[in-house]
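Treat the numbers as computed from the prediction; the structure is a model and nothing was measured. Counting starts at 1 for both ligands and their atoms, following the listed order.
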Amino acid sequence: MRVDIVTLLPEMFAALTEHGITGRALRQGLLDMALWNPRNYAGDRHRTVDDRPFGGGPGMLMKTGPLLDCLAAAQREARGRVVYLSPQGRRMDHGAVARLVKTPKLVLLCGRYQGIDQRVIDSAVDEELSLGDFVISGGEIAAMALIDAMIRLLPGALGDEDSAASDSFADGLLLGPEYTRPRQVAGSAAPEVLLSGDHQAIRRWRLKQKLGATWRKRPDLLAGRKLNEEEQRLLDEYQAGK
Ligand SMILES: C[S@@+](CC[C@H](N)C(=O)[O-])C[C@H]1O[C@@H](n2cnc3c(N)ncnc32)[C@H](O)[C@@H]1O
C-alpha cells in the first residue's frame with residue numbers, strides 16, 4: 001500500500017521512518033510513504049501557510065490555496081482515499097485500521113493551527129478520524145499512530161513471535177496478562193500452568209485471562225459479543241474467582 005501525507009512538519013515522521021518495526025517495514029518496502037508539504041505550494045515570498053479566520057476569533061487556519069494545490073499534487077499520479085486527522089472525526093479503533101490497511105492508497109491530511117477551511121473538508125476529504133476526545137497541536141501524531149497500527153497488520157511486518165494476530169483487539173478481546181523470567185518477581189510467582197508444558201491447559205488459561213481482562217477493563221467490548229460455550233464457561237469461572 002501507499003500512504004501520502006500532507007503535513008507542514010514532515011520531519012516529525014522520522015519517528016516512524018527511523019525506528020523499530022515501522023522503520024524496518026518502510027525500508028523493506030512493505031509500505032510506500034511520501035511526504036507533501038503545503039509550504040512548497042505557497043506562492044508568496046514568505047511561503048505563507050496560515051490565514052486569519054473569517055469572522056475573527058483566536059488563532060489562524062491553514063491557508064487554503066497551498067493546501068489544495070498540495071493535495072492535488074499528492075493525488076495526481078493515483079487518487080487515494082483522503083483521511084483528515086481531526087478531533088471531530090470518528091474515533092480510531094482496530095476496525096478502522098483493519099479497513100484502511102486494505103486501501104491501495106491513502107492520503108493523510110494533517111491539520112495545524114486551528115484546523116482547515118470547511119470547504120477543503122467538503123471538497124477533498126473522504127473521512128475524518130480522531131485519535132481520541134482531546135485536542136493535540138497537529139494531525140501528525142494521529143497520522144503516525146494510524147500508520148504504525150496499519151504496518152503491524154501488514155504481512156511480513158512482524159516476526160512470528162510477535163504476530164499481530166495475538167494483539168489486543170485482533171479477535172475483539174484484550175490480551176491477558178503475560179509473564180517472563182524470572183519465576184519470582186516482586187514476591188509474586190508466575191502462574192504454574194505457563195510452566196507446565198501442557199499446551200491445551202495453557203490455551204484455556206490464556207483464553208480465560210483474555211475474557212477476564214476484557215470483562216474487567218473493557219466490558220463494552222463484550223457487550224455486543226456472543227460467547228461460545230467454552231468462552232462462557234471460562235468467563236463464568238473467572239468471575240467466580242476460579
Ligand atoms: C489545534 S488542532 C485544531 C482543533 C480545532 N480548533 C477544534 O477545536 O476542533 C490542530 C490540528 O490538530 C489535529 N488534531 C487535533 N486533535 C486531534 C485528534 N484528537 N485526533 C486527530 N487529529 C487531531 C487536527 O488535524 C487539527 O486540524
Heavy-atom contacts with [X] under 4.0 Å: which atoms of ligand 1 show up? List them by number with element.
X: Y113; result: 1 (C), 2 (S), 3 (C), 10 (C)
X: G139; result: 12 (O), 13 (C), 25 (O)
X: G111; result: 11 (C), 12 (O), 25 (O), 27 (O)
X: G115; result: 27 (O)
X: V135; result: 1 (C), 2 (S), 4 (C), 16 (N)
X: G138; result: 11 (C), 12 (O), 13 (C)
X: G132; result: 19 (N)

Using a strict 4.0 Å threshold on nitrogen-to-oxygen distance, state whether [X] and [Y] make a salt bridge.
X: R2; Y: D4; value: yes
X: R206; Y: E178; value: yes
X: R81; Y: E127; value: yes
X: K105; Y: E77; value: no

Protein heavy atom at shortest distance from [atom]:
atom: atom 14 (N) of ligand 1; value: P87 CD, 3.6 Å
atom: atom 20 (N) of ligand 1; value: L131 N, 2.9 Å
atom: atom 27 (O) of ligand 1; value: Y84 OH, 2.7 Å
atom: atom 25 (O) of ligand 1; value: L85 O, 2.6 Å
atom: atom 15 (C) of ligand 1; value: I136 O, 3.1 Å
atom: atom 19 (N) of ligand 1; value: F134 O, 2.8 Å
atom: atom 21 (C) of ligand 1; value: S86 N, 3.4 Å

Between the main-chain N or O of [Y] and the side-chain N or O of [X], is there a donor-acceptor pair closer than 3.5 Å?
X: T48; Y: D50; result: no
X: D126; Y: V83; result: no
X: K208; Y: K242; result: yes

Should V3 and I141 be regarded as members of a common hydrophobic cluster, given that ILVMFWY residues are connected when their side-chain heavy atoms come within less than 4.5 Å of each other, either directly or indirectly?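 Yes; tracing contacts between hydrophobic side chains, which count when under 4.5 Å, links both residues.
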
Proximal candidate to atom 9 (O) of ligand 1 [heavy atom criterion; set Q114, R112, Q88]: Q88

Above 12 or not: heavy atoms from other molecules or residues under 6.0 Å from CZ of F54?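 No.
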
How are the rings of W205 and Y179 set to each other: parallel, tilted or perpendicular (split at 30° and 60°)?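 Rings of W205 and Y179: tilted, 30 to 60°.
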
